[in-house]
Enquirer: 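Submitted below is the structure of interest, expressed as structure tokens.
Predicted model only: the values in this text are computed from it and were never measured. Chain naming here is simple, since letters A, B, ... match the order of the sequence lines and numbering starts at 1 in each.
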Amino acid sequence: EAHSEEYNLRHLHFQNATKRHAYLNAFSTAPQSAKYGINQFSDLSQKEFRDLYLRASADRAPLFPGLKRTETER
Amino acid sequence: LPARFDWRDKAVVAPVQNQQACGSCWAFSVVGAMQSVHAIDGSQLAQLSVQQVLDCSFQNEGCNGGSPLRALNWLKQTKVKLVSQSEYPYKAKTGICHFFSQSHGGVALKNFTTHYFSGQEEAMKGQLVEHGPLAAIVDAVSWQDYLGGIIQHHCSSQRSNHAVLVVGYDTTGDIPYWIVQNSWGTTWGNEGYVYIKIGGNICGIADSVAAVFL
């Protein structure tokens, strides 16, 4: 409901999202470059989004043995 | 290598899925790679059960998260056969593992490789063309706001938190890019896909890349 606590919280997340979009879109104006804006995740805080969708963990992988290893890599 | 390569053109990539409010991206990326390679090997493209990996890959934590590598190790060691999505449908929550008899049909993982391709994304292209779609992990924090286009900036590497499926690449334009299938539904990004600039390990796309063998 308008002006309920939940409404105000979501509205705040939206406002924060639009600030992020301005920052992210400022980097490149090349036509093919990524565009950022309002989507289905815009009323989530960054923490909510991370907790819901970014749950993969990384295990270190060995270097692909393609290129000759430089002295430092050796 | 061709300037542009896309496994979707060969009808071996299943439709974009939606993990919903469940941290199951790690299972979607592994199952996506297996069902594509199964089709490349000559079988009918069939969607395999993500829920089976979610419920049964015990070194992972279901909707609370997991690692594609641990899921691949589990599949290789147990030789579990993934059944069809219709037999064991996705529920977007962690459930009790359903077991099937050894005689039950399904797709088993024979082996997999995983490599760090940073600085060698040309070789990663070769792996994609040679072995099929690749399961990769990325830093997807900035993807919360992504609408489309080629990601080139403010996407770190070495801080991976999401798993995806690399299905192709396109180097015919000004900015060469990877074609990556995500699991957030078709209303996100480019109809469910994200484009990531090739070179510079943008978003950590080359940090840990797995190819599967059936």
Enquirer: So A:Pro65 and B:His115, do their side chains get closer than 4.5 Å, heavy atoms only?
Expert: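 A side-chain contact exists here, since the closest heavy-atom pair is under 4.5 Å.
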Enquirer: Going by the angle between their ring planes, with limits at 30° and 60°, are B:His153 and A:Phe27 parallel, tilted or perpendicular?
Expert: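 It falls in the tilted class, 30° to 60°.
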Enquirer: Side chains of B:Cys63 and A:Arg55: does their closest heavy-atom pair fall under 4.5 Å?
Expert: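 No - every pair of side-chain heavy atoms lies 4.5 Å or more apart.
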Enquirer: Apply side chain to side chain contact (heavy atoms under 4.5 Å, CB included) to residues A:Ser33 and B:Ile150 and explain how you reach the verdict.
Expert: CA-CA 5 Å; A:Ser33 203; B:Ile150 303 170; 6.0 Å; no
Enquirer: Decide yes or no for B:Asp145 and A:Tyr23: does some side-chain heavy atom of the first lie under 4.5 Å from some side-chain heavy atom of the second?
Expert: no
Enquirer: Treating A:Asn39 as the side-chain partner and B:Gln144 as the backbone partner, does any N or O pair qualify as donor plus acceptor under 3.5 Å?
Expert: yes
Enquirer: Roughly how far apart are A:Leu54 CG and B:Ile137 CD1, rounded to 0.5 Å?
Expert: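 Rounded to the nearest 0.5 Å, the CG-CD1 separation comes to 12.0 Å.
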Enquirer: Just so I know, are the side chains of A:Tyr53 and B:His162 near enough to count as touching, which here means a heavy-atom distance under 4.5 Å?
Expert: no
Enquirer: Examine whether an atom of A:Ile38 lies under 4.5 Å from a heavy atom of chain B, and if so say whether it belongs to the side chain, the backbone or both; otherwise answer neither.
Expert: backbone
Enquirer: Heavy atoms, side chains only, cut-off 4.5 Å: are A:Leu63 and B:Gln120 in contact?
Expert: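 Side chain of A:Leu63 against side chain of B:Gln120, heavy atoms only: contact under 4.5 Å found.
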Enquirer: Does the side chain of A:Gln40 come within less than 4.5 Å of B:Thr187's, by heavy atoms?
Expert: yes
Enquirer: Calculate, to the nearest 0.5 Å, the distance between atoms OH and CH2 belonging to A:Tyr36 and B:Trp143 respectively.
Expert: 9.5 Å
Enquirer: Can the ring centres of B:Trp184 and A:Phe49 be said to be less than 6.0 Å apart?
Expert: yes
Enquirer: Mind running side-chain hydrogen bond (donor to acceptor under 3.5 Å, both in side chains) on B:Ser142 and A:Arg20 for me, showing each step along the way?
Expert: CA-CA 9 Å; B:Ser142 66; A:Arg20 282 200 309 272; over 6 Å; no
